[in-house]
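Structure record follows, encoded as structure tokens.
Whatever order the structure lists ligands and atoms in, that order sets their numbers, starting from 1.
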Amino acid sequence: MIENYLDLERGIMEHWNSKVVRKASDMRGFYLANDALEKMIEGGDPVIYEVYAVTHENEGELCYGVTVLHPGKVGDEFFMTKGHYHEKRDRGELYIGLRGRGLLLMQKDEEVQWYEMRRGTVIYVPPYWAHRSINTGTEDFVFLAIYPGDAGHDYGTIAEKGFAKIVVEKEGRVDIIKNPRY
Ligand code: M6P
Ligand code: ZN
């Protein structure tokens, strides 16, 4: 499909061929507070985020998708995406904020960086950097991501150790602290 329509105000994309829904039960092992997550799962297993994407798999092609990351916390940690490296590490990605507010957390080896995102923020994720988004606000955090068709998702590395930093609410404020499990 060549042409699409993205409602920039609402962050709703008209056409997509791939929809991924991640519920609390899909996020086991990603948050420090396992008990809080299990309680949440028992209490109805809410959706944490959804991704609506147009995907192509070949080298030279592009994929693009809208992620809707809902507001909330597991323990002190804000709702977040799983986060991934690209299977082909030398593939970059572009993030564009559409709605709400959040952080993009990036990591390459032992180096960590994070960037605030809101409507209009453009963040270039260079090749070799793992990336995870975090909703630090009280409404949906919605962004568009564009990445090479053959990038692929490597979840294993992050699933094992997480990122070196976690994003928590502390005394009503957003705090980026060392991940004690890392
Ligand atoms: C962005 C892109 C997608 C990714 C999605 C959710 O839209 O980076 O490739 O799938 O965020 O993140 P994750 O796959 O880490 O759960
Ligand atoms: Zn990516």
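Between the OH atom in Tyr49 and the CZ atom in Phe79 there is a gap of 12.0 Å [rounded to 0.5 Å]. Rounded to the nearest 0.5 Å, atoms CG (Leu98) and CZ (Arg10) are 12.5 Å apart. To the nearest 0.5 Å, atom CG of residue Asn4 and atom OH of residue Tyr64 are 4.0 Å apart.
For ligand 1, the atoms closer than 4.0 angstrom to any heavy atom of Ala145 are 1 (C), 2 (C), 7 (O). Those atoms of ligand 1 that come under 4.0 Å of a heavy atom in Thr81, given as number and element, are 12 (O), 16 (O). For ligand 1, the atoms closer than 4.0 angstrom to any heavy atom of Tyr147 are 9 (O). Of all the atoms in ligand 1, the ones that sit under 4.0 Å from a non-hydrogen atom of Val51 are 5 (C), 6 (C). Every atom of ligand 1 with a heavy atom of Gly83 under 4.0 Å away is listed here by number and element: 15 (O). Shown in contact with Tyr95 at under 4.0 Å from a heavy atom are these atoms of ligand 1, numbered in order with element: 1 (C), 2 (C), 8 (O), 11 (O).
Taking the N/O/S atoms of His86 in turn, the shortest distance to the Zn ion (ligand 2) belongs to NE2. Closest approach between the Zn ion (ligand 2) and any N/O/S atom of Glu93 involves OE1.
In this structure, atom 11 (O) of ligand 1 lies nearest to the protein heavy atom Thr67 OG1, 3.4 Å. For atom 16 (O) of ligand 1, the nearest non-hydrogen atom of the protein is Tyr49 OH, 2.4 Å. Protein heavy atom closest to atom 9 (O) of ligand 1, with residue, atom name and distance, is His153 NE2, 2.7 Å. At the shortest separation from atom 14 (O) of ligand 1 among protein heavy atoms lies Tyr155 OH, 2.4 Å.
Looking at His131 and Glu93, their side chains do bring a donor and an acceptor atom within 3.5 Å of each other.
Counting only distance, with no hydrogens or angles, the side chain of Asp154 and the backbone of His86 share no donor-acceptor pair below 3.5 Å.
Residue His84 counts as close to the Zn ion (ligand 2), with an N, O or S atom under 2.8 Å.
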Hey, mind stepping through Arg99 and Glu139 against salt bridge (Lys or Arg N to Asp or Glu O under 4.0 Å) and telling me if it holds? CA-CA 9 Å; Arg99 253 176 58 198; Glu139 41 181 303; 5.0 Å; no
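Residue contacts with ligand 1: His131 is placed with no nitrogen or oxygen under 3.5 Å of a nitrogen or oxygen of the ligand (distance criterion only). Ligand 1 has no nitrogen or oxygen under 3.5 angstrom from a nitrogen or oxygen of Gly65.
With Arg132, Glu50, Glu93 as candidates, the residue nearest to atom 8 (O) of ligand 1 on a non-hydrogen basis is Glu93.
The side-chain heavy atoms of Trp16 and Val66, taken from C-beta on, include no pair separated by under 4.5 Å. Using a 4.5 Å heavy-atom cutoff, the side chains of Cys63 and Ile146 are not in contact.
For the pair Lys82 and Tyr155, the cation-pi criterion (under 6.0 Å, within 45° of the ring axis) is fulfilled. Cation-pi geometry between Arg28 and Phe30 is not met at under 6.0 angstrom from the ring centre and within 45 degrees of the axis.
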